[in-house]
Structures are given as structure tokens and as C-alpha cells.
Amino acid sequence: MGEAEKIEVRDITRIERIGAHSHIRGLGLDDVLEARAVSQGMVGQKDARRAAGVVVQMVREGKIAGRCILLAGEPSTGKTAIAVGMAQALGTETPFTSMSGSEIYSLEMSKTEALSQALRKSIGVRIKEETEIIEGEVVEIQIERPATGTGQKVGKVTLKTTEMETNYDLGNKIIECFMKEKIQAGDVITIDKASGKVNKLGRSFTRARDYDATGAQTRFVQCPEGELQKRKEVVHTVTLHEIDVINSRTHGFLALFSGDTGEIKQEVRDQINNKVLEWREEGKAEINPGVLFIDEVHMLDIECFSYLNRALESDMAPVVVMATNRGITRIRGTNYRSPHGIPIDLLDRMIIIRTVPYTEKEVKEILKIRCEEEDCIMHPDALTILTRIATDTSLRYAIQLITTANLVCRRRKATEVNTEDVKKVYSLFLDENRSSKILKEYQDDYMFSEINELEEETTGAGGGAKRRADAGDGDAQPMEH
């Protein structure tokens with residue numbers, strides 16, 4: 001008995017991962033695309049959200065494709081949050097691909113191939129096809145199993161609608177589907193004639209009183225009207241990349257699950273483009289351009305920017321949204337400097353949305369939303385201190401202190417995080433400014449300290465820049481105009 005008492009029974013709960021932007025449900029706009037102050041997890045950035053809302057509306061209507069939008073602003077001003085909000089607002093029907101600028105540097109495939117695959121993942125194709133289905137209410141079902149336990153099962157089913165009733169003989173495959181779906185008299189079902197797939201829609205209202213108690217998941221539906229056999233239009237949504245992978249090799253569909261797609265030849269893509277355009281002409285398919293979001297776009301090099309210039313002018317190009325927190329910096333792969341580290345000719349093709357730093361009131365609101373998301377009850381005074389920490393250091397640092405302060409609070413068996421908990425974690429975990437200050441103070445105690453050399457280089461570079469400026473306009477400057 002003592003052994004049995006030691007067994008601990010734990011409830012198995014669904015694991016819910018809380019990410020940096022898991023609190024965002026949309027862009028927080030009303031019907032006329034005006035930004036609400038706080039809505040759907042979004043706070044502030046009214047102009048940027050309104051601009052993003054206009055882009056989302058145009059994507060929905062299919063009026064915009066092959067356009068480029070740049071989200072530019074200082075770090076921690078909600079650029080990625082706006083992109084996540086756009087993805088949520090577009091819903092599951094519109095393809096939304098998210099990638100980081102550094103993801104393209106892979107040994108498995110070239111940079112342009114990685115970009116090409118990302119662009120084609122962002123273009124959806126809605127393929128329409130008509131299938132014949134049998135839809136009705138099960139009146140009676142009989143399945144006879146062989147006495148020996150082996151051999152063919154034989155079955156009959158009687159289906160009815162409001163107008164007719166028919167008996168069907170069941171094959172072995174359909175019988176297995178019926179047993180798997182636990183079909184019984186009173187269920188309303190559909191059977192796909194081509195594939196033999198059985199779908200249970202729910203129980204008929206006429207059988208609602210068969211049982212005294214029913215589970216919460218039991219759905220009651222009306223008995224179907226009209227004929228048993230119907231023609232139904234089914235719409236499959238796939239991306240161009242998925243079609244590419246399936247057609248690029250034998251057993252290509254397996255590569256979709258393994259992720260080992262490799263490089264796909266341009267000839268294959270051209271053939272698929274022609275076929276999709278043919279389907280569109282015949283009315284079998286619709287092209288649904290989605291959104292490709294590239295974060296940290298300054299990490300792309302001049303080759304990638306040149307490729308994007310051409311790719312955006314293609315007939316089948318999605319809306320490309322980019323985000324960067326860089327100012328005037330060097331274009332990767334060249335010695336030229338340019339705004340945001342993006343060549344001027346590509347900047348010319350973009351519409352730029354600017355994000356501005358959050359006010360103290362907005363920071364407090366964001367922290368409050370994050371506390372709710374992380375199931376953390378925080379005292380108003382502790383929230384005020386956390387807001388001050390966020391304005392003095394950074395919003396990301398303050399958000400990371402929420403969970404740690406909550407753990408310290410639980411350690412002392414309390415339910416509400418107070419000011420002492422926040423102060424405790426603030427002293428335990430350093431922010432970037434305090435860490436840099438300690439490094440400068442104790443630089444001699446660290447290995448390979450190069451701070452003095454860096455200062456000398458900076459001073460030298462500053463002097464060199466001054467000398468170049470004094471040399472006059474005649475000298476060539478490595479700056480793109």
C-alpha cells in the first residue's frame with residue numbers, strides 16, 4: 001500500500017509555447033482601417049499599422065502583387081510585430097512566408113535558389129475540381145464478419161435524404177472506413193465516390209432523443225435534402241513551391257515532409273508556370289499571391305538584391321515585406337554605403353513604412369499585455385518600475401524580466417509579483433548597458449581585451465574621414481547617390 005501511495009498522478013496539459021509575438025492576433029484596425037489605440041495585442045504605431053492595413057486590404061482583393069514594402073525603424077519599435085499582425089489579418093487562406101536575411105547563406109543551395117523557393121512558397125494556387133459524393137442519413141447498417149475471423153467482410157448500408165432512400169453494398173475498404181469513423185444508425189455522412197473517403201458530419205436531429213446524455217463534441221445536423229448523389233466542387237490550396245517539389249523528381253512529395261528539396265531546375269518551374277496559367281485560362285485554378293516577409297534584410301548581399309530586382313517584375317511575384325533597423329550602412333558585398341544597406345535602385349521600387357519609438361504609456365500597455373500572455377499577476381507599483389526599466393534600457397530586456405520575476409514570486413509562495421521581485425531579478429540579470437560598463441571597468445582582467453586598440457582605430461578612422469572631407473569635392477567617395 002505504501003508503494004501505491006507514492007505514485008504521483010499528474011494532469012497531462014497541452015503545452016502552449018509563449019513566443020515573442022504570440023500575443024498578437026491581428027493589426028488592431030477597425031472597418032475603415034483606422035488603428036485602435038490598443039487592440040488585438042497591438043499598441044501604438046498607428047500610422048505604421050494603418051499603412052500595413054492598406055497593404056493587407058490590397059493583397060486580399062488581389063490588386064497588389066510584385067510590390068515591395070520596407071518596414072524601417074529603430075530596434076524594439078515593433079517591425080516584426082506588424083509583420084506578424086499582417087500574417088494574422090490575412091488568415092490561413094493567403095500564403096505568408098517568413099524568413100531572416102541570414103537564412104539564405106546555406107551550403108546546400110545557392111542564395112538565389114533559396115530566395116526563389118521563398119518567393120514561390122508565397123504564391124498560392126487554388127485548384128478547383130468537381131467530385132461526386134453520396135450524402136445522406138444512415139438508416140440501417142449491417143456488417144457481417146466471417147466466423148473464422150479471416151476473409152472478406154460483407155456489409156450493407158441504407159442511406160436516406162428527405163426525398164429518397166437507397167440501399168448500398170459496401171466493399172472491404174469502405175467497411176474499414178465505417179468502422180474507423182464509428183458510423184452508426186442516425187449519423188449523417190458523406191462518401192467520396194472517387195477516393196472512398198467517409199466523412200461524418202454529425203448526428204441527425206431526428207435521433208436527438210435516442211440517448212439521455214450526449215457528449216459536448218456531438219454535433220446535430222439536419223437530414224440532407226434532394227438526391228443522395230451530388231456533384232460537389234472541392235477547392236485545394238497549394239503553393240507553387242509544393243508543385244515544384246512534387247514535379248522535380250520521382251517521389252517528390254516525400255521531399256515535402258523531409259524538407260530535403262534541393263535545387264529545382266528552371267525548366268521545371270517554367271513548365272509549371274505554363275501549366276498553372278493554362279489552368280487559370282480554363283477556369284480550373286486561381287492564382288493567389290501572398291506575402292514574403294524578410295527580416296534583417298540588410299544581411300542580404302548585392303547578388304540577392306540584384307536577383308530581387310528582377311524577380312519582383314515577374315508576373316508571378318508575391319508582395320515582399322522587408323524589415324531593417326539599420327541607418328546609412330555598407331551594402332553587403334560592396335564598399336558602397338546606402339540607406340538601410342539596400343541599393344538605391346531597389347529602394348526606388350519600395351514603399352517605406354516607418355516605425356517610431358514607443359512612449360512610456362505605450363510601453364506600460366505592452367508590458368501589461370505580456371503579463372496577461374505569460375499568466376503573471378503583477379502589482380501596479382512593480383509594473384511602474386518595470387516600465388521605467390524598459391525606458392532606461394530596452395523593451396526586450398523588460399519583457400524578459402516578467403517570467404523571471406514571476407518565478408521568484410512563486411519561490412516565496414506568493415501569487416502577485418511585487419517591487420522586490422522585480423528589483424531582485426534586475427540585480428541578478430544585467431542589461432546591455434550595465435554589462436558594457438563592467439567590461440570597460442574590468443577590461444584588463446578579461447582575455448584578449450582589445451578595447452584600447454578599438455578606440456585607437458576609431459580615432460584614426462575619424463581623423464582619416466576628416467582628412468578626406470577636407471580634400472574637396474574632386475575625390476571619388478564610396479557613397480551611392
Side-chain angles (χ1 to χ4, degrees), residues 17-29 33 35-36 38-60 64-104 114-115 117-124 239 288-300 304 308 312 317-326 340-342 346-347 349-358 362 366 369-370 373 395-396 399:
R17 296 279 292 163
I18 297 169
H21 300 102
S22 56
H23 61 285
I24 291 165
R25 312 274 181 264
L27 285 168
L29 304 172
L33 300 181
R36 299 188 189 99
V38 181
S39 178
Q40 293 183 316
M42 296 293 278
V43 179
Q45 304 293 355
K46 286 190 176 181
D47 290 341
R49 278 159 56 201
R50 202 179 300 134
V54 172
V55 173
V56 165
Q57 194 63 30
M58 286 196 286
V59 171
R60 274 191 192 138
I64 181 170
R67 301 292 176 86
C68 207
I69 294 106
L70 179 68
L71 293 167
E74 299 89 330
S76 295
T77 52
K79 295 180 292 296
T80 312
I82 287 171
V84 172
M86 285 173 78
Q88 296 280 6
L90 284 166
T92 51
E93 280 295 301
T94 307
F96 188 97
T97 312
S98 184
M99 67 178 288
S100 175
S102 52
E103 275 180 41
I104 61 156
L115 273 176
Q117 288 194 12
L119 285 162
R120 289 177 78 84
K121 275 179 193 169
S122 311
I123 301 163
T239 65
N288 181 21
V291 177
L292 168 62
F293 174 60
I294 307 174
D295 209 353
E296 308 291 335
V297 74
H298 50 265
M299 290 301 293
L300 299 182
C304 298
L308 280 173
L312 286 171
V319 176
V320 180
V321 180
M322 301 177 178
T324 180
N325 55 18
R326 296 289 194 270
H340 312 297
I342 299 168
L346 185 56
L347 276 174
R349 291 173 165 85
M350 291 181 175
I351 44 176
I352 300 170
I353 299 172
R354 183 170 180 255
T355 56
V356 292
Y358 290 111
E362 287 168 352
I366 291 166
I369 291 167
R370 288 302 302 180
E373 181 71 15
L395 179 59
R396 283 194 175 100
I399 286 170

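It should be emphasised that the depicted structure is a prediction, and the values quoted were computed from it without experimental measurement.
- For the pair P289 and V319, the minimum side-chain heavy-atom distance is 4.5 Å or more.
- The shortest distance between side-chain heavy atoms of P318 and L119 falls below 4.5 Å.
- Residue I342 holds its CD1 atom at 9.5 Å from NE2 of H298, rounded to the nearest 0.5 Å.
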Could you check I104 against M99 for side-chain contact (heavy atoms from CB on, under 4.5 Å), going step by step and ending with a plain yes or no? CA-CA 9 Å; I104 61 156; M99 67 178 288; 3.4 Å; yes
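- With values rounded to the nearest 0.5 angstrom, M350 atom CE is found 4.0 Å from M322 atom CE.
- Between E74 and K79 there is no side-chain heavy-atom pair separated by less than 4.5 Å.
- Taken from CZ in R49 to CD1 in I82, the straight-line distance is 8.0 Å, to the nearest 0.5 Å.
- Using a 4.5 Å heavy-atom cutoff, the side chains of T239 and R120 are not in contact.
- At least one side-chain heavy atom of L70 sits less than 4.5 Å from a side-chain heavy atom of L347.
- In summary, of the residues considered (I69, T80, V84), a side chain to side chain contact (heavy atoms under 4.5 Å, CB included) with F293 occurs for T80 alone.
- The backbone N or O of T324 lies less than 3.5 Å from no partner atom in the side chain of E296, so there is not a single donor-acceptor pair.
- Closest heavy-atom contact between Y358 and V43: CE2-O, 3.3 Å.
- Looking at every heavy atom in both residues, M299 comes nearest to G101 through CB-C, 3.9 Å.
- Note that the OG atom of S100 and the CG atom of L300 stand 8.5 Å from one another [nearest 0.5 Å].
- A distance of 7.5 Å separates CD of Q40 from CG of L29, quoted to the nearest 0.5 Å.
- Taking 4.5 Å as the limit, some side-chain heavy atom of V356 sits within range of a side-chain heavy atom of Q45.
- Here the side chains of L312 and L346 are in contact, with some heavy-atom distance below 4.5 Å.
- Atom-to-atom distance recorded for I352:CD1 and C68:SG is 9.5 Å, nearest 0.5 angstrom.
- A donor-acceptor pair under 3.5 Å is formed between the side chain of R60 and the backbone N or O of A89.
- Every residue two or more places apart in sequence or in another chain was checked for a side-chain hydrogen bond (donor to acceptor under 3.5 Å, both in side chains) with T94, and none qualifies.
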